Amino acid sequence: MDISILQASVYELPTSRRVGVIVHDGTTDLRVWPGPGPDKELAYAYGPQELARLLDGERSRAGGAVPVGTVLRLHPGRLHCDFLLWIATRGPEHAGIQASAPSEAILTRAVLDALDFVATRNVLRVAFPALGAGPSAIGDAERLAIIASACGAYYERCLEEGRANWIEEVLLCDPRLSVVTAARKLARAVAKAADKESAPRVESASRPSRASAGAAPKRPSAARKPSLDPREVAYARANARPWDRNTRYRVGDFFVHVKFGVGRVEEITPDQFAVVLFEDGNVRRLIHAG
């Protein structure tokens with residue numbers, strides 16, 4: 001599963017990046033906040049009257065409200081996707097005051113539940129805006145990084161549990177370059193920290209003394225891992241394009257992966273995998289448009 005942070009509105013993706021599902025988080029009473037923000041952007045893209053009628057019907061069926069964490073599959077309206085996914089992450093407005101934004105824990109849980117929902121419905125591509133807006137919200141870039149981290153955790157959990165994951169690509173979208181740039185840096189930092197924490201820890205056993213055991217034989221030194229030149233990494237981080245599985249790569253191409261950072265294509269295999277050396281020294285095989 002590829003995770004890409006794009007400078008684009010989630011509602012204006014090009015045809016080549018069309019997704020099966022667009023995810024939106026809202027209130028438990030399924031009402032749209034009338035002021036500026038993600039709800040208004042969704043209503044404009046969906047069709048304001050159509051969205052209001054749709055949510056009225058869902059609210060009526062739910063008896064007025066749904067619990068926090070509820071995931072609803074909705075008609076896409078004018079959106080360019082197969083269906084809209086509404087996740088309830090906050091309470092309703094009260095006396096004209098918008099409910100507080102969800103916490104990081106609720107936001108992470110919402111992303112995991114959304115991926116669980118769409119993975120069983122043969123969805124190949126999912127798009128998220130920066131969920132979790134509202135009063136006292138975490139910064140936009142931080143929220144995108146939280147979503148990226150949750151998507152990575154979902155993928156790792158599928159691998160550990162031996163579950164099939166039909167989702168090929170997750171797009172995290174924001175039209176502002178400053179937000180996207182900051183989110184990519186945060187996501188890479190989180191991924192590196194996670195890789196470091198998951199590395200096995202080797203406990204050192206107490207050595208027997210030379211007098212009792214004799215001199216220990218010398219071990220051959222470990223082979224030095226290949227690595228990218230720091231100057232190449234710095235240049236690519238500033239100039240290379242984000243990783244895109246729909247791009248056909250050639251040996252020597254640089255790109256920036258949202259999870260693994262700067263990578264250079266070392267080999268294209270006969271079965272059209274790109275063998276990539278990343279800045280952390282690890283070599284990974286990635287699918288591309290070979």
Side-chain angles (χ1 to χ4, degrees), residues 1-5 19-21 23 25 67-71 73 85 87 89 102-128 130-132 138 142-172 183-204 222 225-226 242-246 255-263 266 269 271-288:
M1 181 173 75
D2 293 334
I3 305 168
S4 303
I5 301 179
V19 297
V21 175
V23 182
D25 69 319
V68 170
T70 299
V71 178
R73 174 175 178 165
L85 205 64
I87 303 180
T89 61
S103 65
E104 179 176 346
I106 291 176
L107 183 57
T108 298
R109 183 73 259 166
V111 174
L112 295 175
D113 289 344
L115 295 176
D116 269 333
F117 186 92
V118 301
T120 60
R121 289 162 175 80
N122 298 324
V123 173
L124 300 181
R125 280 181 171 171
V126 184
F128 289 88
L131 305 180
I138 304 166
E142 288 83 356
R143 297 202 309 276
L144 284 175
I146 289 169
I147 297 170
S149 179
C151 291
Y154 174 82
Y155 177 72
E156 295 296 334
R157 190 179 72 186
C158 287
L159 290 179
E160 291 173 2
E161 296 175 358
R163 290 194 292 138
N165 171 33
W166 298 105
I167 304 170
E168 292 184 354
E169 187 174 24
V170 177
L171 306 180
L172 311 182
R184 287 172 180 164
K185 290 180 179 177
L186 288 169
R188 286 196 293 268
V190 170
K192 286 181 181 179
D195 287 344
K196 189 174 181 180
E197 289 177 4
S198 62
R201 302 178 72 178
V202 180
E203 298 292 340
S204 57
K225 291 177 67 174
W243 161 256
D244 181 359
R245 66 180 298 151
N246 296 306
F255 58 80
V256 181
H257 194 283
V258 67
K259 183 175 182 181
F260 306 122
V262 172
E266 302 291 284
T269 67
D271 50 354
Q272 294 306 309
F273 279 91
V275 179
V276 183
L277 172 62
F278 285 95
E279 58 183 293
D280 61 3
N282 289 315
V283 176
R284 299 175 173 90
R285 286 161 51 99
L286 301 180
I287 299 173
H288 74 126

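A quick note: this is a predicted structure, and the numbers were derived from the prediction, not measured.
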What class does the angle between the rings of Phe278 and His257 fall in, given that below 30° is parallel, 30 to 60° is tilted and above 60° is perpendicular?
-> perpendicular
Can you list the steps and then say if Val68 with Thr89 is a side chain to side chain contact (heavy atoms under 4.5 Å, CB included)?
-> CA-CA 5 Å; Val68 170; Thr89 61; 5.6 Å; no
Would you say the side-chain atoms of Arg285 pair up with the backbone N or O of Val276, donor to acceptor, closer than 3.5 Å?
-> no
For Arg73, what residues pass the salt bridge (Lys or Arg N to Asp or Glu O under 4.0 Å) criterion, not counting sequence neighbours?
-> none
Flag side-chain contact, heavy atom, 4.5 Å: Leu286 against Arg245 | no
What pairs with Leu107 under side chain to side chain contact (heavy atoms under 4.5 Å, CB included), at least two apart in sequence or on another chain?
-> Leu131, Arg143, Ile146
To the nearest 0.5 Å, how far apart are CG in Leu144 and CD1 in Ile3?
-> 12.0 Å
Atom of Val258, atom of Ser4 and distance for their closest heavy-atom approach = CG1-N, 4.3 Å
Test item: Asp25 side-chain N/O and Gly132 main-chain N/O as donor-acceptor pair under 3.5 Å = yes
Flag side-chain contact, heavy atom, 4.5 Å: Trp243 against Asp2 | yes
Side-chain contact, heavy-atom cut-off 4.5 Å: Val19 with Val126?
-> no
Take Leu85 and Phe117 through the test side chain to side chain contact (heavy atoms under 4.5 Å, CB included) and record every step on the way to the result.
-> CA-CA 9 Å; Leu85 205 64; Phe117 186 92; 3.5 Å; yes
Side chain to side chain contact (heavy atoms under 4.5 Å, CB included) involving Glu142 - partner list, sequence neighbours excluded = Ile138, Leu186
Can you name the residues that form a side chain to side chain contact (heavy atoms under 4.5 Å, CB included) with Val256, not counting sequence neighbours?
-> Arg188, Ala240, Val262
Assess whether side chain to side chain contact (heavy atoms under 4.5 Å, CB included) is satisfied between Tyr154 and Asp116, documenting all intermediate values.
-> CA-CA 8 Å; Tyr154 174 82; Asp116 269 333; 3.2 Å; yes
Ile147 and Phe128 have their tightest heavy-atom pair at CG2-CG, 4.0 Å
Exercise: identify the closest heavy-atom pair between Gly20 and Val123 = CA-CG1, 4.2 Å
Which residues share a side chain to side chain donor-acceptor pair (under 3.5 Å) with Glu168, sequence neighbours left out | none
Taking every non-hydrogen atom, the tightest pair across Ala114 and Ile87 = CB-CD1, 3.5 Å
Working to the nearest 0.5 Å, report the span between OG1 of Thr120 and CH2 of Trp166.
-> 12.0 Å
Set of residues satisfying side chain to side chain donor-acceptor pair (under 3.5 Å) with respect to Glu156, sequence neighbours excluded | Lys259
In chain order, what residues pass the salt bridge (Lys or Arg N to Asp or Glu O under 4.0 Å) check against Glu160, with sequence neighbours excluded?
-> none
Which residues pass the side chain to side chain donor-acceptor pair (under 3.5 Å) test with Thr269, sequence neighbours left out?
-> Asp271
Report the residues that fulfil salt bridge (Lys or Arg N to Asp or Glu O under 4.0 Å) with Arg121, sequence neighbours left out, ordered by chain and then residue number.
-> none
State which residues pass side chain to side chain donor-acceptor pair (under 3.5 Å) with Arg125; sequence neighbours excluded, sorted by chain then number.
-> Glu169, Asn246
Do you know the tightest heavy-atom contact between Asp113 and Gly69?
-> OD2-O, 4.1 Å
Residue set satisfying side chain to side chain contact (heavy atoms under 4.5 Å, CB included) with Thr70, at least two apart, ordered chain then number -> Val66, Pro67, Leu72
Sequence neighbours excluded, which residues qualify as salt bridge (Lys or Arg N to Asp or Glu O under 4.0 Å) partners of Glu104?
-> none
Shortest non-hydrogen contact from Ile5 to Ala187?
-> CD1-CB, 4.2 Å
Answer yes or no: is there a side-chain heavy-atom contact under 4.5 Å between Ile106 and Arg109?
-> no
Roughly how far apart are Leu277 CG and Glu266 CD, rounded to 0.5 Å?
-> 5.0 Å
